[in-house]
Amino acid sequence: MATRRRMLLKVIILGDSGVGKTSLMNQYVNKRFSNQYKATIGADFLTKEVQIDDRLFTLQIWDTAGQERFQSLGVAFYRGADCCVLVYDVNVTKSFEKLNNWREEFLLQASPSDPENFPFVVLGNKIDVDGGNSRTVSILITSCYSLLLPLNLFCTVINFI
Ligand SMILES: Nc1nc2c(ncn2[C@@H]2O[C@H](COP(=O)(O)OP(=O)(O)OP(=O)(O)O)[C@@H](O)[C@H]2O)c(=O)[nH]1
Ligand SMILES: [Mg+2]
């Protein structure tokens, strides 16, 4: 039986400092969560094997620094990305508004061959905080944003928040 090559998929996680990028990656890969905040310095990756149908993939998940002063590695590692996860904190509107900047910066630096169809995932984190009472970014707004993202109409939505 012919063996098929395992595919490597490179995923970049971007978003403001403190939105929970490192926590998400650790939870997804190691199933561990810590309440302690330790700012990411530079960037680092973890890998995870996933099976989709009968194919095995290795996800190389890059966690990046949200704080500008810690973005010491530059953004050279954006290149060759297969997907970009844009993370915001549902309790911090600013972190949602900043998603466009992260997206634009990513497209600029990664310069994917087909930017209009590049897969982005928008992820609203920290929905548990204060039992949801501190939430400032609604599910509706996020859904609109995600739907309009490929149409390049997202700026309009952001301006209406
Ligand atoms: N309540 C709650 N706290 C969270 C959640 N995700 C992360 N946190 C906390 O939020 C803080 C920041 O999380 P990090 O994962 O370090 O944030 P980050 O986006 O990696 O931040 P930078 O590395 O500075 O870019 C930590 O104290 C986490 O414990 C969540 O879903 N719910
Ligand atoms: Mg981090």
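Worth knowing before you read on, the calculation uses all heavy atoms, side chains too, and leaves out hydrogens, waters and symmetry mates. When a ligand or atom number is given, it counts from 1 through the structure's own listing order.
- The protein atom (non-hydrogen) at minimum distance from atom 32 (N) of ligand 1 is Asp128 OD1, 2.7 Å.
- Counting heavy atoms closer than 4.0 Å to ligand 1, residue Val129 contributes side-chain atoms (C-beta onward) but none from N, CA, C or O.
- Residue contacts with ligand 1 for Thr22 involve both N, CA, C or O and side-chain atoms from C-beta outward (heavy atoms, distance under 4.0 Å).
- With Lys48 contributing its side chain and Tyr28 its backbone, the two residues share a donor-acceptor pair below 3.5 Å.
- A side-chain donor from one of Thr93 and Thr136 sits under 3.5 Å from a side-chain acceptor of the other.
- From Phe118, atom CZ reaches atom CZ of Arg103 across 10.0 Å, with rounding to the nearest 0.5 Å.
- Within the 2.8 Å limit, Ser17 places no N, O or S atom next to the Mg ion (ligand 2).
- Because the distance cut-off is set at 2.8 Å, Thr40 qualifies as a neighbour of the Mg ion (ligand 2) through one of its N, O or S atoms.
- Summarising the geometry, atom CD1 belonging to Ile12 is positioned 9.0 Å from atom CG belonging to Asp82; distances are rounded to the nearest 0.5 Å.
- In terms of modelled atom types and a separation under 3.5 Å, the side chain of Thr47 and the main chain of Gln60 share no donor-acceptor contact.
- A donor-acceptor contact closer than 3.5 angstrom links the side chains of Asp63 and Thr22.
- When only interatomic distances are considered, the shortest N/O to N/O separation between Gly18 and ligand 1 falls below 3.5 Å.
- The protein heavy-atom contact nearest to atom 5 (C) of ligand 1 is Lys126 CG, 3.6 Å.
- Using a 4.0 Å cut-off between heavy atoms, Val19 contacts ligand 1 through both its backbone and its side chain.
- Considering each of Ser95, Ser34, Ala65, the one bringing a non-hydrogen atom nearest atom 29 (O) of ligand 1 is Ser34.
- From Leu9, atom CG reaches atom SG of Cys83 across 8.5 Å, with rounding to the nearest 0.5 Å.
- Scanning all protein heavy atoms for the shortest distance to atom 6 (N) of ligand 1 gives Asn125 ND2, 3.2 Å.
- Considering backbone and side-chain N/O of Gly66, one or more are found under 3.5 Å from N/O of ligand 1.
- The distance from atom CG of Leu46 to atom CE of Met25, rounded to the nearest 0.5 Å, is 3.5 Å.
- Nearest non-hydrogen protein atom to atom 15 (O) of ligand 1 is Ser23 OG, 2.6 Å.
- One option in Phe70, Phe33, Tyr37 has a heavy atom closer to atom 22 (P) of ligand 1 than any other, and that option is Tyr37.
- Regarding atom 17 (O) of ligand 1, its nearest protein heavy-atom neighbour is Gly20 N, 3.2 Å.
- Once rounded to the nearest 0.5 Å, the distance linking CG of Asn26 with NZ of Lys31 reads 12.0 Å.
- Between Phe106 and Phe120, the angle of the ring planes goes over 60°, which puts this pair in the perpendicular group of the 30/60° scheme.
- Listed by number with element, the atoms of ligand 1 under 4.0 Å from a non-hydrogen atom of Asn35 are 26 (C), 27 (O), 29 (O).
- At a 4.0 Å heavy-atom cut-off, ligand 1 touches Asp16 through the backbone alone.
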